[in-house]
Asks: 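Following this message is one structure expressed as structure tokens.
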Amino acid sequence: MSAAVKYTLGRIGLFVLVLAALWLVDINVFLKLMLALVFSAALSFFLLKGWRDEMAEEMAGAAQRRREEKQRLRAALAGEDESSEGERQDGQPR
């Protein structure tokens with residue numbers, strides 16, 4: 001399971017748990033939802049740190065791969081080869 005899915009499900013789970021705990025309190029429903037959102041965000045900052053860091057690393061790796069692919073495509077469109085100067089890509093001398 002990807003780190004982003006784990007982190008998202010963790011955030012939703014924390015929100016539901018906090019909302020369930022607040023459901024027993026006799027206050028306005030809108031206020032319950034807002035408090036559940038704030039408390040679950042604060043809890044996730046501490047409780048889900050590992051999953052958040054894992055997701056950040058996964059996203060950084062994907063961004064790096066996209067940058068490298070973009071650079072490779074730009075070089076190919078400009079006519080630059082990644083192979084040596086004396087050979088074509090099919091291995092034949094020029």
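All residue numbers refer to positions in the sequence shown, counting from 1.
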Asks: Once side chain to side chain contact (heavy atoms under 4.5 Å, CB included) is applied, do any residues pair with Phe30, and if so which ones, sequence neighbours excluded?
Replies: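 By the side chain to side chain contact (heavy atoms under 4.5 Å, CB included) rule, Phe30 matches Asn28, Met34.
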Asks: Throw together a table of side-chain donor-acceptor distances under 3.5 angstrom for residues 11-23, partners on residues two or more places apart or in other chains.
Replies:
unit_1: Arg11; atom_1: NE; unit_2: Ser44; atom_2: OG; d: 3.3
unit_1: Arg11; atom_1: NH1; unit_2: Tyr7; atom_2: OH; d: 3.4

Asks: Under the side chain to side chain contact (heavy atoms under 4.5 Å, CB included) test, which residues partner Glu69, sequence neighbours left out?
Replies: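 Checked Glu69 against side chain to side chain contact (heavy atoms under 4.5 Å, CB included); matches are Arg72, Leu73.
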Asks: Name all residues meeting the side chain to side chain contact (heavy atoms under 4.5 Å, CB included) criterion together with Val38; count only those two or more places apart in sequence or in a different chain, and write none if there are none.
Replies: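 Side chain to side chain contact (heavy atoms under 4.5 Å, CB included) list for Val38, sorted by chain: empty.
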Asks: Can you list the residues that meet the salt bridge (Lys or Arg N to Asp or Glu O under 4.0 Å) rule with Lys49, with sequence neighbours excluded?
Replies: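 Per chain and number, Lys49 pairs via salt bridge (Lys or Arg N to Asp or Glu O under 4.0 Å) with Asp53.
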Asks: Can you pull the salt bridge (Lys or Arg N to Asp or Glu O under 4.0 Å) pairs that have at least one residue in residues 23-33, sequence neighbours excluded?
Replies: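 Listed by first then second residue: nothing to list.
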Asks: Can you list everything that forms a side chain to side chain contact (heavy atoms under 4.5 Å, CB included) with Ala3? Sequence neighbours excluded, please.
Replies: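 Ala3 satisfies side chain to side chain contact (heavy atoms under 4.5 Å, CB included) with Glu54, Met55, Glu58 only.
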Asks: By side-chain hydrogen bond (donor to acceptor under 3.5 Å, both in side chains), which residues pair with Arg67, not counting sequence neighbours?
Replies: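 Partners of Arg67 by the side-chain hydrogen bond (donor to acceptor under 3.5 Å, both in side chains) criterion, ordered by chain and then number, come out as Gln64.
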Asks: Under 4.5 Å between side-chain heavy atoms, chaining through other members, with only Ile, Leu, Val, Met, Phe, Trp and Tyr counted: pull out the rest of the cluster around Val5, sorted by chain and number.
Replies: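 Direct or chained contacts put Val5 with Met1, Leu9.
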Asks: I'd like to know if Ile27 and Phe39 are part of one continuous hydrophobic network [Ile/Leu/Val/Met/Phe/Trp/Tyr, side-chain heavy atoms within less than 4.5 Å].
Replies: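 Yes.
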Asks: Is Phe45 isolated, or which residues cluster with it under the ILVMFWY side-chain rule of less than 4.5 Å, directly or via members?
Replies: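 Besides Phe45, the hydrophobic cluster comprises Phe46, listed by chain and residue number.
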Asks: By the salt bridge (Lys or Arg N to Asp or Glu O under 4.0 Å) test, which pairs, at least two apart or in different chains, include something from residues 37-46?
Replies: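 Residue pairs with at least one partner in residues 37-46: there are none.
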Asks: Please enumerate all residues that pass salt bridge (Lys or Arg N to Asp or Glu O under 4.0 Å) together with Glu68, with sequence neighbours excluded.
Replies: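 If we apply the salt bridge (Lys or Arg N to Asp or Glu O under 4.0 Å) test to Glu68, skipping adjacent residues, there are no hits.
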